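All remarks here apply to the structure that follows.
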Amino acid sequence: MDILQAIILAIVEGITEYLPVSSTGHMIIVSSFFGIAQEEFTKLFTIVIQLGTILSVFVLYFKRFFQSVDFYLKLLVAFIPAVVLGLLLSDVIDSLLESPITVAISLVLGGFILLRVDHWFVDSEEKEITYLTALKIGFFQCLAMIPGVSRSGASIVGGMSQKLSRTVAAEFSFFLAVPTMLGATLKKSYDFYKLGYTLTGEQVNLLIIGNVVGFLVALFAIKTFIGYLSKHGFKMFGYYRIVVGLAILAIHYFVYPLTVI
């Protein structure tokens, strides 16, 4: 991975992490086009630069992280399903992370769901998140272990299915991303070193650049997304996912095979 590839991947991460379009899916596709998707450092990079996007949530919602102990307990409850299933299905998840075709299919199917979600769940004014609601959202988030599903999309839809407003569901999804991505970063870093790899000075610099770029881009993406979502809903993201997913399938089967299934 060179510095230009690192910057492009960080921009993609910053834009897509909190949108319902699957940041993991986009990172797999872009890194596959670069021909670096299967490199161990790339796998580490795409996870570790999420720390920058986590920081963007802290900056934008600083006061919310100091409102009550109850806030953290609900995040913990919502985080538990991902921990359990993530550990149980670790090998399966890692194998799926190398398949752009899995991403493409997930993008298309998820796109059709987003086209209908505003009709299934009418936007409400409900703002109360109970412990049971948090747990249910946590299980919805686990769907994103399939690359291309979208962690934010799954958890937002999960929140709306519990009669939360779009904005409240989206913001809880942002907050839930913090322990989820922090946990994923720690696990991937551990796996990287367990395999016997160590970071070079150049790789450390790429991680720093990636986190800074991801942080700055995510700040803009979150503020823009919340404003758009509250007014327009999910339909645009649904069409985007379908177009991108079909384009990936067409490229793979008619132009350039992105991976061997």
Side-chain angles (χ1 to χ4, degrees), residues 9-10 12-30 43 46-58 61 74-90 92-94 96-97 99 102-107 109-111 113-114 117 129 133-162 164 166 168-188 214 217-218 221-222 225-226 229 234 237-238 240-241 244-245:
L9 285 171
V12 172
E13 165 64 22
I15 292 174
T16 60
E17 180 57 52
Y18 298 107
L19 304 184
V21 296
S22 179
S23 62
T24 300
H26 281 71
M27 298 287 269
I28 291 171
I29 297 305
V30 175
K43 297 176 183 178
T46 57
I47 299 298
V48 172
I49 63 170
Q50 293 175 344
L51 292 175
T53 60
I54 289 174
L55 183 58
S56 68
V57 176
F58 272 112
Y61 295 95
K74 288 175 181 176
L75 285 183
L76 177 62
V77 168
F79 177 53
I80 289 174
V83 174
V84 175
L85 290 179
L87 291 174
L88 290 176
L89 303 176
S90 178
V92 175
I93 295 169
D94 284 343
L96 291 175
L97 288 175
S99 174
T102 300
V103 172
I105 294 172
S106 297
L107 284 172
L109 294 178
I113 291 175
L114 289 186
V117 72
I129 299 176
T133 296
L135 181 63
K136 291 179 179 179
I137 293 173
F139 279 110
F140 268 90
Q141 178 181 239
C142 291
L143 294 172
M145 292 179 182
I146 303 172
V149 169
S150 172
R151 187 207 59 79
S152 63
S155 52
I156 292 172
V157 171
M160 291 178 64
S161 75
Q162 302 306 305
L164 296 178
R166 291 177 192 149
V168 172
E171 290 180 344
F172 188 76
S173 171
F174 299 161
F175 303 145
L176 183 54
V178 174
T180 302
M181 293 192 293
L182 182 59
T185 297
L186 292 174
K187 183 181 183 303
K188 181 56 68 174
V217 175
I222 291 173
F225 174 55
I226 284 294
L229 183 64
F234 291 95
F237 300 105
Y240 172 82
R241 289 176 63 103
V244 172

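Keep in mind the model is a prediction, meaning the values are calculated, not measured.
S106 places a side-chain N or O within 3.5 Å of a backbone atom of P147 that can act as its donor or acceptor partner. Here the side chain of Y18 pairs no donor or acceptor atom with the backbone of I226 at under 3.5 angstrom. In this structure, R241 contributes its side chain and P20 its backbone to a donor-acceptor pair below 3.5 Å. Using modelled atom types, no side-chain atom of T180 and backbone atom of A177 make a donor-acceptor pair closer than 3.5 Å. Remark: side-chain polar atoms of T185 are paired, donor with acceptor, to backbone N or O of M181 under 3.5 angstrom.
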Residues 78-85 side chain polar contacts: donor-acceptor under 3.5 Å, at least two apart:
none

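Residues meeting the salt bridge (Lys or Arg N to Asp or Glu O under 4.0 Å) test with K136, sequence neighbours left out: none.
Within the model, atoms CD of E171 and CG of L164 stand 11.0 Å from one another, a figure rounded to the nearest 0.5 Å. We find the NE2-OG distance between H26 and S150 to be 9.5 Å, quoted to the nearest 0.5 Å. Interatomic distance, NZ of K74 versus CZ of F172, reported as 8.0 Å (0.5 Å rounding).
Sorted by first and then second residue, the salt bridge (charged side-chain N to carboxylate O under 4.0 Å, His left out) pairs involving residues 141-154 (not counting sequence neighbours) are E17-R151.
Side-chain atoms of S152 and F225, non-hydrogen and from C-beta on, never get closer than 4.5 Å to each other.
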